[in-house]
Amino acid sequence: MEIYDELVARGLIAQVTNEKEIRDLVNNGKATFYIGFDPTADSLHVGHFMALCLMKRLQMAGNKPVVLIGGGTAYVGDPSGRTDMRSMMTPETIQHNCDCFKKQMERFIEFGEDKAIMVNNADWLLKLNYIDLLREVGPCFSVNNMLRAECYKQRMEKGLSFLEFNYMIMQSYDFYHLYQNYGCNMQFGGNDQWSNMLGGTELIRRKLDKDAYAMTITLLLNSEGKKMGKTASGAVWLDPNKTSPFEFFQYWRNVGDDDVLKCIRMLTFLPLEQIDEMDKWEGSKLNEAKEILAYELTSLVHGEEEANKARTASHALFAGGGDDSNMPTTEFTSDQLTDGAIGVLDLMMACGLCKTKSEARRLVQQGGVSVDGEKVASIDVKITEDQLKNSIKIRKGKKVYHKALMK
RNA sequence: GGGGGAAUUCCCGAGUGGCCAAAGGGGACAGACUGUAAAUCUGCUAGCUAUGCUUUCGGUGGUUCGAAUCCACCUUCCCCCA
């Protein structure tokens, strides 16, 4: 199967400017394409991962990827799909984030001569002169059109600053710049970038009378229409220090039934035939598919060794195995104990299972805490030094386990 | 530049002197049921040395026995007119 059809079959393509031309370009390895990454945090997340995978797929088909880091656009801030203004980032933060991005990306994409290249739009955007820019590209943008753009819709109600309004122009300028300097004829991005990307193709057409193409990647939404890769405490990060491989594994292990196959199709590199086979699985058999998804992704992001560890830990907890070697652990010293014992509430705090004592109290009162398999009946329960010497397993809710022992 | 309005807890949003740690909804968390899923039902959602105390309604001062609520100034945002 040719690459374009595979992308379609995997459900990765959301919108394209010219299907026929794009199909021809990517299938024949004639595309030099770029994807922009805005360094808004110090780690990549799942959305970025999807884009990187797409790059890899296209690279394998002979196309040339250009990774663009938005070190310049970060000074402006993309308002697309947001309900309120991004807080302005300091140049130091932007630089730091760019560095973090670079490091992580090198794990996925091969850079070098004839391979992928990486550019930073700070290199050209920061040098622009306001009047020159206005005269150069200003006439090519219709404010009427821009105001109609989907990406500003939410902001038309809440307010959109001129700073952010310019984001589209900056991104369009990037494409224009890359087209001229790197022969970049195609742009990919999240579906929320559609209007920004069209701005670029339009600019190239008007300024250079040349065709450039744009294609967007389907946003990974769950069956409820919410963005995937987000948890209550924020994004699912690729940086193991921000989201541990085990947490990462568990995130995918716990996706809803309706979302498993979609995720496998879009995110993994498993062959389509195998995926179609899994598509027939139903009911509790789907649990196997979830584990495959979790394993595949953890392996891609953190490597096979970490994926194995995460899977073992997961089995140990949920399938009743005795292996607790990968369980998060807290060690206690005797000066943390009073009269050779510690109250459950303090214990939970010390293990980082709760942020406050009230939270710990609530959990115990609602029967959500157990120690070594036995429900903690009262908030007055104490754990003795002898128990800690043997090490105990604390379970909070259904899925959170922690080991505590004496040093 | 002129006029009008808004800011409440994780989010939306009620509250216009004491009965307010603050209705209702969402989310999150926990329990039951399950397949580490979904749906449903129940509980719970500022903190603490806990029948009490402390901090919280954009910020700073003030009025009052008592302020989310009244007054003054400031900050941010929205709408209308130019």
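Below, chain A is the first sequence line, B the second, and so on; all start at residue 1.
- Every residue two or more places apart in sequence or in another chain that forms a salt bridge (Lys or Arg N to Asp or Glu O under 4.0 Å) with A/K357 is listed here: A/D346.
- For A/S284 and B/rA37, the shortest distance from a side-chain N or O to OP1 or OP2 is not below 4.0 Å.
- Checked against B/rU36, B/rG31, B/rC48, the side chain of A/T356 finds its nearest nucleotide in B/rC48.
- Under a cutoff of 6.0 Å and an axis angle of 45°, A/R57 and A/F269 form a cation-pi pair.
- Distance A/F249 CZ to B/rU36 C1': 10 Å, rounded to the nearest Å.
- Closest to the A/L286 side chain, of the nucleotides B/rU36, B/rC44, B/rG35, is B/rG35.
- For A/R362, counting side-chain heavy atoms from C-beta on, the closest listed nucleotide (B/rU36, B/rC44, B/rG31) is B/rC44.
- To the nearest whole angstrom, the two C1' atoms, one in B/rU49 and one in B/rU54, are 12 Å apart.
- Atoms CD1 (A/I292) and P (B/rG35) sit 20 Å apart, rounded to a whole Å.
- Partner assigned to B/rC48 is B/rG52, using Watson-Crick or G-U wobble distances below 3.5 angstrom.
- Listed by first and then second residue, the side-chain hydrogen bond (donor to acceptor under 3.5 Å, both in side chains) pairs involving residues 295-307 of chain A are A/Y295-A/N308 (not counting sequence neighbours).
- Base pairing annotation: B/rU76 forms a Watson-Crick or G-U wobble pair with B/rA6, both donor-acceptor distances under 3.5 Å.
- Using a 3.5 Å distance cut-off with no hydrogens or angles, the side chains of A/Q193 and A/Q171 do pair a donor with an acceptor.
- With both ends at atom P, the span from B/rA22 to B/rG47 equals 13 Å, rounded to whole Å.
- Contact annotation for A/V255: backbone-only contact, meaning every heavy-atom pair under 4.0 Å involves sugar-phosphate atoms and none involves a base.
- For B/rC81 and B/rU9, the P atoms lie 32 Å apart once the distance is rounded to whole Å.
- Of all nucleotides present, none satisfies the Watson-Crick or G-U wobble test against B/rA21 with each distance under 3.5 Å.
- At whole-Å resolution of the value, CH2 in A/W252 and C1' in B/rG35 are 20 Å apart.
- Between the base of B/rG43 and the side chain of A/Q366 there is a donor-acceptor pair shorter than 3.5 Å.
- Nucleotide B/rU34 is matched to nothing when pairs are restricted to Watson-Crick or G-U wobble geometry with both distances under 3.5 angstrom.
- Using P as the reference atom, B/rG66 and B/rA14 are 30 Å apart when rounded to the nearest Å.
- Among the atoms of the strands shown, only primed sugar atoms or phosphate atoms (P, OP1, OP2) are found under 4.0 Å from some heavy atom of A/K357.
- The CZ-C1' distance, from A/F162 to B/rC77, rounds to 20 Å in whole Å.
- A/Q365 comes within contact range of no nucleotide atom at all, as no heavy-atom separation falls under 4.0 Å.
- Atom CD in A/E282 sits roughly 14 Å away from atom C1' in B/rA37 (whole-Å rounding).
- Taking atom CD of residue A/E288 and atom P of nucleotide B/rA37, one finds them 16 Å apart after rounding to whole Å.
- For A/W124 and A/D174, the side-chain atoms include at least one donor-acceptor pair closer than 3.5 Å.
- When the P atom is used for both B/rC78 and B/rC12, the distance is 15 Å, rounded to whole Å.
- Ionic pairing of A/E106 and A/K103 is not present here: no N-O contact between side-chain nitrogen and carboxylate oxygen is shorter than 4.0 angstrom.
- Mapping A/G256 and A/E359 onto RNA chain B by nearest heavy atom places A/G256 closer to the 5' end of the strand.
- Straight-line distance between the P atoms of B/rC19 and B/rC11: roughly 25 Å, to the nearest whole Å.
- Scanning atom types as modelled, no donor and acceptor separated by under 3.5 angstrom connect the side chain of A/S358 and the base of B/rU45.
- The two residues A/L54 and A/L12 come nearest to each other via the heavy atoms CD1-CD1, 4.2 Å.
- B/rC73 and B/rA21 have their C1' atoms separated by 29 Å, with the value rounded to a whole Å.
- Side chain to side chain, A/R23 and A/N18 fail the donor-acceptor criterion of an N or O pair below 3.5 Å.
- Between B/rC29, B/rU36, B/rG35, one nucleotide has an atom nearer to the side chain of A/D257 than all others, and that is B/rG35.
- Between A/K285 atom NZ and B/rU34 atom P the separation is 22 Å, expressed in whole Å.
- Using P as the reference atom, B/rC10 and B/rU42 are 26 Å apart when rounded to the nearest Å.
- Nucleotide B/rG1 has B/rC81 as its partner under the Watson-Crick or G-U criteria, with both atom distances under 3.5 Å.
- At whole-Å resolution of the value, CG in A/L363 and P in B/rG43 are 17 Å apart.
- Nearest to the side-chain atoms of A/Q250 among the listed nucleotides B/rU36, B/rA32, B/rC29 stands B/rU36.
- Look at B/rU69: it lacks any Watson-Crick or wobble partner with both distances under 3.5 angstrom.
- When each of A/K399 and A/K396 is assigned the nucleotide of RNA chain B bearing its nearest heavy atom, the one mapping closer to the 5' terminus is A/K396.
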